Structures are given as C-alpha cells and as structure tokens.
Amino acid sequence: MRAITHLRSLLSEALAGMGIPWPEKTTIEPPRDATFGDLATNVAMMAAKAAGKKPRDLAEALRQSIMAADPGLTAEVAGPGFLNVTFPPAFWQATIADVLEKDAGGGYGRSDLGGGKKIQVEYVSANPTGPLHIGHGRGAALGDTLARILRAAGYDVSTEYYINDAGRQMRLLGDSIWLRYRELHGRDVVWPEDWYKGEYIIDLARELSDLHGADLFSMPEEKATAICQTYGVDSIMAGIKKDLADFRVSHEVWFSEKTLVSGGRVETTLSDLKSRGLAYEKDGALWFASQNLGDDKDRVLRKSSGELTYFASDICYHADKFARGFEVVVDIWGADHHGYVPRMAAAVQALGKSPDSLRVILVQLVNLLRGGEQVAMSTRAGKFETLADVVAEVGADAARFMFLSRKSDSHLDFDLDLVKRQTMDNPVYYVQYAHARVKSLFAKATERGIAAGTPDAALLSRLVTPEDLGLLRQIEQFPDVVATAAATFSPHVISYYLRDLAGRLHSYYAAHQVLATGDEELTRARMHLLDAVARVVRAGLALLGVSAPEKMERSEP
RNA sequence: GGGCAGUUAGCUCAGUUGGAUAGAGCGUUGGCCUCCGGAGCCAAAGGCCACAGGUUCGAAUCCUGUACUGCCCA
C-alpha cells in the first residue's frame with residue numbers, strides 16, 4: 001500500500017507537470033516476474049495518446065522525472081512501454097515499523113477505500129423450518145467474512161439475517177409439528193403430501209407434549225397449530241443462532257418478515273407501486289410490471305386468493321433497507337435462487353435506486369463428501385448433514401477456511417475426511433503453523449534470554465537477503481490485498497495470500513537461522529521481521545474468522 | 001425450448017478486472033541440517049488456458065458462435 005501510494009503520487013505529479021491527466025485505467029502492481037523490479041506500471045501506455053508521444057518515450061520522460069523526485073528509486077523502461085520501479089531496501093525495512101504501529105492501533109491492513117459508506121450485508125436468512133445445513137454454512141462464512149473485510153476497508157457495515165417467519169412454509173411447519181404431536185398421543189393422523197419429515201419435528205412435538213401434555217386437543221385445531229408453529233419457529237431460530245455462534249458467524253440485526261406483513265407495511269409498499277403505475281390488477285391478482293424493468297415477465301404480488309407472495313414482502317423489505325440509509329445492499333443467496341435476481345433488480349429500480357445499489361452474490365452449491373462418496377441432502381426428506389454436525393466434526397477453523405478458499409461462484413466439494421486431514425490438502429493448518437512457528441521461536445528466545453529490543457532503522461538495515469526482502473515486500477502488500485478483497489467482494493484472495501505468505505515464511509525458516517546466527521544484531525533484526533510476519537498472518541486469519549494458535553496440537557500421531 | 005454459472009497440469013483450484021516466459025497444492029520422481037517444531041524445505045517432470053472466429057500494440061481475461069457440465073424457469 002505504501003509503495004503503490006508513493007509511486008502513484010510521484011507519477012501523477014510528473015504527469016501533471018506535463019499537463020497530462022491521470023489515465024483512469026492505469027495499473028500499478030508487482031510484476032509477475034520479480035526480476036522486473038518491485039512495481040510495474042502501464043501508465044505510459046495508457047497516457048501516450050493524450051500526451052501525443054510514443055509509449056516508450058513518455059515512459060522515459062517519467063522515469064527521469066520520478067528518479068529526480070526520489071533519488072532512492074531506480075526505474076527502467078521495458079517492453080512496449082512498461083515502467084519498472086525498484087525501491088531501496090530501507091523502504092521495505094520500514095514496513096516493520098508500519099506493521100507494529102498499525103497493529104497496535106486498530107489493525108494493520110485497514111484502509112479508507114470505503115470512505116465510511118453505509119453498506120449492509122444480508123446472509124444466511126434461511127427459513128426457520130429446520131436446522132442449517134452445510135450449504136448455509138458456506139453462505140454464512142462468506143457473509144460474515146465479507147463484512148469483516150468491508151469494515152477493514154473503511155465501510156460502515158451492518159450485518160443482517162432476514163427471518164421468513166410469515167407465509168405458507170410456516171403453516172406447513174406448524175401443521176407438521178401438530179401431526180407429530182397427534183401421533184405421539186396416539187391420535188389418528190392423515191399424512192399430507194407436503195410436510196416436513198425430519199427427525200427434529202418429532203423432537204419439537206415431544207417438547208410441546210412435555211410442556212402442554214394433551215392440552216392442545218382441548219382447543220380449536222387452528223389455535224393448536226398456531227401454538228405448534230410459534231413454538232417451532234422460536235425453537236428452530238434459537239438453534240440456528242447457536243449453530244451460527246459456534247461457527248463464529250454473527251449478525252447485528254435479526255429482521256422478521258412478520259413485522260412487515262402484520263404491520264401492513266407490505267400493503268403500503270404495494271399501493272405505492274400501484275399509484276406510480278408499476279403494479280396493476282389482472283385476473284383477480286396484483287402484478288408487478290417487472291418486464292419493463294428488465295425481467296422476463298411480470299410477477300405476482302398478491303394472488304387471487306388474497307395471499308401475499310414472498311416477492312411482495314421482499315420488495316417491502318428492500319425498501320426498508322434503503323430507508324435505513326444504506327447506499328449499497330449486499331444479498332448473499334444460494335445459486336439455486338439465481339432466477340430471482342432479475343426481478344429483485346427490477347424491484348430496486350422501481351424503488352428509485354440505481355442498479356448498483358443492490359449486489360447479489362450467488363453462492364454455488366456445496367457437494368458434501370465423505371471419503372470421496374457423496375452424502376445425500378434434502379431438508380424435506382429429513383436426510384442431511386447439519387452445519388452443527390460438520391462443525392463439531394471438523395472444527396470451525398477448518399470448515400471456514402475451506403469455504404473461503406474458493407470463489408463463491410464455483411462449485412465446492414467439501415470432503416469431511418479431507419477437511420479433517422492435517423496436511424497440505426488442507427492449507428488451514430499450513431497457515432496456522434506459520435503463526436505457531438514464530439510464536440514458538442519467540443518462546444525459545446525468551447528461554448535463552450534473547451530480547452528483540454527496538455526495531456530502529458539501523459538494526460533493520462541488516463535485513464538484506466532476497467528472502468528478507470521477499471517477506472518484507474509481501475507483508476507490505478497486505479493492505480492492498482484486503483482492499484482488493486473488499487472491492488471485488490472476494491474473501492478468497494485473503495486465503496490465497498495467507499497461503500503464499502505462510503509458504504514464504506516456511507522457506508525463510510529453512511533457509512536462515514534466526515536465534516543461532518552468532519550475531520546478536522542480526523538475530524534481533526530477524527526476530528522483528530518474523531514478529532511482523534506473524535502479526536500479518538494473525539490479522540489475515542482474523543478477517544477469515546480463523547484462529548491463530550500459539551502452538552499446534554497434533555490430534556493424531 | 002429459454003436463462004444463469006462453469007470449462008486452466010493426472011486431481012483440486014488461483015490467475016491482481018487487457019500486460020512481459022500462464023501459477024499453487026496434492027499426486028509422481030529425486031534430494032535436505034545430530035540444528036530455532038520434518039504439520040517443514042529444495043528440485044524435476046507435467047499446459048493447444050474446451051473448440052472456432054473476432055476486437056488491438058498485446059487475450060486465459062473482452063465480443064460472437066459451437067460443444068460438454070451443473071442449476072433455475074416453462
């Protein structure tokens with residue numbers, strides 16, 4: 001971050017001196033090949049046209065200009081007009097002080113990219129009709145981590161869970177519990193086609209029975225099923241909250257659909273749409289004119305039976321989000337809901353918001369495997385691996401890291417046996433080990449009475465090997481990586497970065513002695529380097545919601 | 001029949017939004033300190049970036065078409 005910021009300001013001053021505006025599409029980034037230098041920029045190629053010069057000629061002019069402005073830099077013109085820039089070792093050594101200072105004051109890696117913009121992330125939002133399964137876990141890990149990353153990048157983030165506690169699915173839940181309750185008490189039961197068959201329904205019925213005995217039979221069936229429904233929703237929501245907490249996933253706001261519907265607010269939204277000509281009555285139903293707004297066809301808001309659709313409350317819900325002042329609203333959905341995106345986008349437009357104020361992130365399905373064999377999942381049939389079971393089996397750290405190691409829009413094979421394995425198939429341990437290794441080294445240093453002391457510039461000037469500078473460059477990039485992850489809504493770039501950093505640390509460890517250098521100054525300098533690396537590893541893992549242990553416990557020999 | 005997503009090494013996947021010789025891990029093969037934790041390190045082999053066109057100084061990346069795979073909708 002420091003390097004790119006510094007170079008950008010030098011270049012833009014140089015360009016301004018020539019009367020050329022800064023080209024929007026300029027990139028400044030580490031080149032693929034390290035022999036090209038620390039940073040490479042295509043600015044001369046981008047600005048060549050405006051400057052009326054050949055790219056290489058402009059690059060040469062810029063080269064001289066920035067080297068005059070900062071004599072520590074070296075720069076070369078390469079290829080079609082790249083400018084390759086190399087910073088002096090002292091610049092990279094100063095990264096350590098930067099890490100220490102920021103780590104103490106709120107966290108290294110933070111930036112103000114978001115500029116305090118209010119953004120909301122809504123995730124999981126599973127219907128309270130059963131426990132969370134592994135697929136919800138992926139959305140949960142993604143949403144929770146994305147929120148952490150956006151906060152680190154300077155956004156004002158609020159997290160939310162939308163509880164679908166109104167409508168048909170809820171009645172179905174109440175009825176299912178009621179039928180199980182009847183069954184428990186030996187009453188005759190006619191099983192309908194559509195009901196929740198999971199074991200947990202029987203548990204709920206049994207709990208109700210313990211609570212009320214046979215009292216439910218003494219009241220009208222309507223009231224009894226209502227009691228069943230309320231009890232079921234409350235109990236299932238409590239379970240969901242616990243499962244999420246165990247997975248280190250939090251939500252600041254739990255928003256109930258029922259409060260929208262029963263408060264009449266959905267009707268208010270609908271009449272508003274109607275008055276603006278965006279909704280109309282036809283065949284006894286109320287329709288949303290979404291086709292004019294990019295959807296395939298118009299959608300029903302209120303059926304001829306008078307029942308409101310989920311879509312109607314979803315529009316109202318999003319109107320509420322925007323009314324609360326969020327500039328951007330992020331919805332994380334399972335990929336099987338992708339057909340829902342165009343109508344929601346149409347709704348956002350109907351609410352008078354720009355299309356980019358809604359960002360829908362689709363999370364592809366999770367293929368749950370055990371030893372390469374597929375594990376079947378179906379909520380209705382009651383056969384599935386719950387998130388709680390998976391977390392209990394493999395641990396939150398390993399599960400989160402696995403979910404966050406893939407782009408959200410690609411399918412994920414989640415093999416329980418593999419996620420438990422403590423090898424490189426499963427890099428969470430590799431990254432955690434890098435942190436533990438440094439900590440363990442420091443414990444050893446304390447034992448031997450070695451203290452790192454103050455990391456002043458003179459001491460750090462001893463860090464000059466390619467491995468020293470490689471590590472320094474990499475930790476210097478961490479704030480850029482966080483910014484990229486935030487800008488592209490891609491938590492997985494953090495986990496890839498951490499794997500690289502851990503790899504470099506392990507290589508360093510094998511290549512260089514730290515405590516036994518026979519040179520006290522060098523030892524202390526290297527301790528500061530590794531301390532900074534460990535802080536960055538910990539900061540990165542914290543963004544992923546993964547712990548950074550002081551020592552690794554081997555669970556199997 | 002429409003729509004969305006995907007296709008990169010034997011396998012699982014990255015690829016910084018169009019840059020220089022396409023990268024990791026696993027697996028395979030061969031090495032490593034009586035040493036700060038070997039859960040580690042070093043190296044080799046392995047590629048028509050699904051296929052065919054197009055856009056430009058430059059394409060795995062953007063556009064069009066085709067073929068498979070998964071999902072959604074009629």
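It should be emphasised that the depicted structure is a prediction, and the values quoted were computed from it without experimental measurement. Order of the sequence lines sets the chain letters (A, B, ...), proteins ahead of strands, with each chain counted from 1. Side chains are part of it too, since the values below use all heavy atoms of this structure and drop only hydrogens, waters and symmetry mates.
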Notebook entry, point to check: Nearest-Å distance, CD (A:E467) to P (B:rC41)?
Noted result: 14 Å

Item checked: Distance, C1' atom - from B:rC42 to B:rG25, rounded to whole angstrom -> 16 Å

Notebook entry, point to check: Does A:R421 have any salt bridge (charged side-chain N to carboxylate O under 4.0 Å, His left out) partners at least two apart in sequence or in another chain, and if so, which?
Noted result: A:D425

Check: Does any N or O in the side chain of A:R63 come within less than 3.5 Å of the main-chain N or O of A:V77, such that one atom is a donor and the other an acceptor?
Finding: no

Notebook entry, point to check: Which way is the base of B:rU28 turned, syn or anti, if we draw the line at 90° from 0?
Noted result: anti

Item checked: Check: A:L522 main-chain N/O paired with A:T517 side-chain donor or acceptor under 3.5 Å -> no

Distances under 3.5 Å only, N/O to N/O: pair up the protein atoms with those of nucleotides 27-31 of chain B.
none

Check: With rounding to whole Å, what would you report as the distance between B:rA24 and B:rG65 at their C1' atoms?
Finding: 33 Å

Notebook entry, point to check: How long is the line joining CG of A:D295 and P of B:rC72, in whole Å?
Noted result: 18 Å

Margin query: Between B:rU8 and B:rA14, how far apart are the two P atoms, rounded to whole Å?
Written below: 11 Å

Item checked: A:F87: partners by ring pair (Phe, Tyr, Trp, His ring centres under 6.0 Å), with sequence neighbours left out -> A:F91, A:W92

Check: Given that both pair distances must be under 3.5 Å and the pair must be Watson-Crick or G-U, what runs of three or more consecutive pairs involve RNA chain B?
Finding: B:1-7 with B:67-73, B:10-13 with B:23-26, B:28-32 with B:40-44, B:50-54 with B:62-66

Check: Looking only at atom types and distance, does a side-chain atom of A:Y497 sit under 3.5 Å from a main-chain N or O of A:Q474, one as donor and one as acceptor?
Finding: yes

Check: Taking the P atom of each, how far is B:rC48 from B:rG3, in whole Å?
Finding: 32 Å

Next item on the list: In sequence, state the C-alpha distance, the side-chain angles, and the governing distance for A:R526 and A:D519, and then conclude on side chain to side chain contact (heavy atoms under 4.5 Å, CB included).
Entry: CA-CA 11 Å; A:R526 288 183 173 170; A:D519 175 342; over 6 Å; no

Next item on the list: Among B:rG40, B:rC42, B:rC36, find the nucleotide with the atom closest to the side chain of A:R437.
Entry: B:rG40

Check: Quick one: A:R526 CZ to B:rC36 P, roughly how many Å, whole number?
Finding: 16 Å

Margin query: List the residues meeting salt bridge (charged side-chain N to carboxylate O under 4.0 Å, His left out) with A:R56, not counting sequence neighbours, and say none if there are none.
Written below: none

Next item on the list: Check RNA chain B against residues 440-448 of chain A and give the residues with a non-hydrogen atom under 4.0 Å, in numerical order.
Entry: A:S440, A:L441, A:K444, A:R448

Checklist line | Short side-chain N/O contact from A:Y509 to OP1 or OP2 of B:rC32, under 4.0 Å | finding: no

Checklist line | Closest non-hydrogen atom pair, A:V482 against A:A152 | finding: CG1-CB, 4.0 Å

Note to self: Measuring only the C1' atom in each nucleotide, how far is B:rU66 from B:rA9? A whole number of Å is fine.
What the structure shows: 25 Å

Checklist line | Option passing side-chain contact (heavy atoms from CB on, under 4.5 Å) with A:V536 (candidates A:L471, A:V99, A:T95) | finding: A:V99

Notebook entry, point to check: How far does the C1' atom of B:rG1 sit from the matching atom of B:rC11, given to the nearest Å?
Noted result: 36 Å

Item checked: Under 4.0 Å protein heavy-atom contacts per nucleotide of nucleotides 18-24 of chain B, with B for base, S for backbone only and - for none -> -BB---B

Next item on the list: Look at the side chain of A:S440 and the backbone N and O of A:K551, then say whether any donor-acceptor pair between them is shorter than 3.5 Å.
Entry: no

Item checked: Below 4.0 Å: OP1/OP2 of B:rU16 and any side-chain N or O of A:T488 -> no

Next item on the list: With sequence neighbours excluded, tell me which residues meet ring pair (Phe, Tyr, Trp, His ring centres under 6.0 Å) with A:F401.
Entry: none

Would you list the protein and nucleotides 3-10 of chain B atom pairs, both N or O, that sit under 3.5 Å from each other?
unit_1: B:rG3; atom_1: N2; unit_2: A:H338; atom_2: NE2; d: 2.7
unit_1: B:rA5; atom_1: O2'; unit_2: A:D409; atom_2: O; d: 3.4

Checklist line | Length of the line joining A:Q432:CD and B:rG40:P, which is rounded to integer Å | finding: 13 Å

Next item on the list: Rounded off to whole Å, could you give me the CD-to-C1' distance for the A:Q513 and B:rC41 pair?
Entry: 13 Å

Check: B:rC63 and B:rC4: how far apart are their P atoms, nearest whole angstrom?
Finding: 12 Å

Check: Any idea which heavy atoms bring A:R138 and A:H411 closest together, and the distance?
Finding: NH1-C, 4.2 Å

Next item on the list: Using atom CG of A:L501 as one end and atom P of B:rG25 as the other, report the distance to the nearest whole Å.
Entry: 15 Å

Notebook entry, point to check: Can you list the residues that meet the salt bridge (charged side-chain N to carboxylate O under 4.0 Å, His left out) rule with A:R343, with sequence neighbours excluded?
Noted result: none

Next item on the list: Locate the shortest heavy-atom distance separating A:R524 from A:L459; write the atom from each residue and the value.
Entry: NH2-CD2, 3.9 Å

Notebook entry, point to check: Just by distance, do the side chain of A:S357 and the backbone of A:V328 share a donor-acceptor pair under 3.5 Å?
Noted result: no

Margin query: Please enumerate all residues that pass salt bridge (charged side-chain N to carboxylate O under 4.0 Å, His left out) together with A:D531, with sequence neighbours excluded.
Written below: A:R535

Item checked: Any side-chain donor near an acceptor of the partner, A:D298 and A:Y280, under 3.5 Å -> yes

Notebook entry, point to check: Atom CZ of A:R8 to atom P of B:rU16: distance rounded to whole Å?
Noted result: 18 Å

Next item on the list: Map A:R343 and A:D413 onto RNA chain B by nearest heavy atom, then report which one ends up closer to the 5' terminus.
Entry: A:D413

Next item on the list: Taking side chain to side chain donor-acceptor pair (under 3.5 Å) as the test, write out the residues that go with A:S313, two or more places apart.
Entry: A:E257

Margin query: Using OP1 and OP2 only, check whether a side-chain N or O of A:R421 sits under 4.0 Å from B:rC26.
Written below: no

Check: If we take the C1' atom in both B:rG46 and B:rA22, what is their distance in whole Å?
Finding: 14 Å

Margin query: What's A:H492 touching, base or sugar-phosphate or nothing? Going by heavy atoms closer than 4.0 Å.
Written below: sugar-phosphate

Check: Considering heavy-atom distances to RNA chain B, does A:A335 or A:Y433 have its closest nucleotide positioned more toward the 5' end?
Finding: A:Y433

Checklist line | Separation of B:rC72 P from A:R299 CZ (nearest whole Å) | finding: 15 Å

